[in-house]
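Note sheet for the following structure.
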Amino acid sequence: MWFKWQNRSSKSSLEQLGKLESELMERIWTRGEMSVRELHLEVASRLAYTTVMTTLDRLYKKGILQRRKVGKAFYYVPAMTKEEYHSTLTSHLLGMVLDDGADKNVVLSSFVNAVSDADRKLLDELDQLLKAKRRALRRKE
């Protein structure tokens, strides 16, 4: 599931996208700029043209897509790369977890346990990142 980007006052937040919005975003990220018609051809067996059109318009209004008009058609392109989106989403979710008053040690140890259970090599990479961050912080002092 993807999350939508919204600007509210001085803080930015992300909210979960629906299943269809997520699917269409994946297709646009993979293929690049697309018209409603081009996207509809890929999903025509199960979605009406107007459903695709309405969903893309909503994603545009949420700021996730940009669009340009060519004749009578709109062509949509992502407002940010998939990688930028992942980075923003990750930062937002970690910020929410660490800023909600929860015990940070519990959050961090749960993260380390999840990483080590999933992949021992990833735990080594995390250790290297921590060491590099500590060195960088010492240089700033």
Side-chain angles (χ1 to χ4, degrees), residues 1-140:
M1 261 313 138
W2 289 101
F3 288 74
K4 71 179 178 181
W5 175 265
Q6 281 191 331
N7 289 321
R8 291 193 185 150
S9 63
S10 62
K11 273 203 150 188
S12 298
S13 67
L14 295 167
E15 295 178 14
Q16 196 167 19
L17 292 178
K19 183 178 177 183
L20 178 58
E21 291 172 323
S22 296
E23 177 189 344
L24 296 182
M25 282 304 302
E26 283 290 346
R27 290 175 183 273
I28 293 173
W29 263 309
T30 301
R31 289 158 188 81
E33 186 177 62
M34 296 182 79
S35 68
V36 175
R37 185 166 311 286
E38 291 167 340
L39 191 52
H40 179 253
L41 286 173
E42 295 185 15
V43 294
S45 63
R46 57 189 179 78
L47 294 173
Y49 180 89
T50 54
T51 301
V52 175
M53 181 178 64
T54 301
T55 304
L56 292 182
D57 184 60
R58 285 185 184 151
L59 289 166
Y60 166 75
K61 288 177 179 173
K62 292 174 183 179
I64 297 173
L65 291 174
Q66 295 175 344
R67 71 182 179 194
R68 66 184 179 96
K69 194 167 187 174
V70 178
K72 294 182 179 181
F74 281 112
Y75 281 80
Y76 291 87
V77 64
M80 65 178 77
T81 67
K82 190 174 182 179
E83 293 75 20
E84 290 169 332
Y85 196 87
H86 277 295
S87 177
T88 302
L89 174 62
T90 301
S91 295
H92 174 73
L93 293 175
L94 285 173
M96 279 179 22
V97 170
L98 293 173
D99 291 339
D100 77 348
D103 183 355
K104 289 178 174 61
N105 289 330
V106 172
V107 172
L108 293 174
S109 62
S110 294
F111 176 74
V112 169
N113 285 335
V115 167
S116 60
D117 288 346
D119 187 350
R120 199 169 202 50
K121 183 180 176 194
L122 191 57
L123 191 59
D124 291 338
E125 291 173 14
L126 179 59
D127 185 47
Q128 293 302 315
L129 288 170
L130 287 170
K131 289 176 183 173
K133 186 64 171 180
R134 283 189 187 112
R135 284 191 301 271
L137 289 173
R138 277 194 295 266
R139 277 186 239 135
K140 287 182 180 179

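Only this structure's heavy atoms are used, side chains among them; waters, hydrogens and symmetry mates stay out.
Under the 3.5 Å distance criterion, the side-chain polar atoms of W29 are matched with a main-chain donor or acceptor of M80. In terms of modelled atom types and a separation under 3.5 Å, the side chain of S22 and the main chain of G18 share a donor-acceptor contact. Formation of a donor-acceptor pair under 3.5 Å by the S109 side chain with backbone atoms of N105 is found in this model.
Here I28 contributes atom CD1 and I64 contributes atom CD1; the two are 10.5 Å apart, rounded to the nearest 0.5 Å. Considering CG of L129 and CZ of R134, their distance stands at 11.5 Å, rounded to 0.5 Å. We find the CG-CG distance between L126 and D119 to be 11.0 Å, quoted to the nearest 0.5 Å. The CE atom of M53 sits 10.0 Å away from atom CZ of F74, with the distance rounded to the nearest 0.5 Å. Atom CD of E42 is separated from atom OG1 of T30 by 9.0 Å, given to the nearest 0.5 angstrom. The CD atom of E23 sits 8.5 Å away from atom CG of L39, with the distance rounded to the nearest 0.5 Å.
Cation-pi geometry between R67 and Y76 is not met: the NZ or CZ atom fails to fall both under 6.0 Å from the ring centre and inside 45° of the normal.
Between R31 and E38 no salt bridge is recorded (no basic side-chain N to carboxylate O distance below 4.0 Å).
Other residues, nucleotides and ligands contribute at most 12 non-hydrogen atoms within 6.0 Å of the CZ atom of R37.
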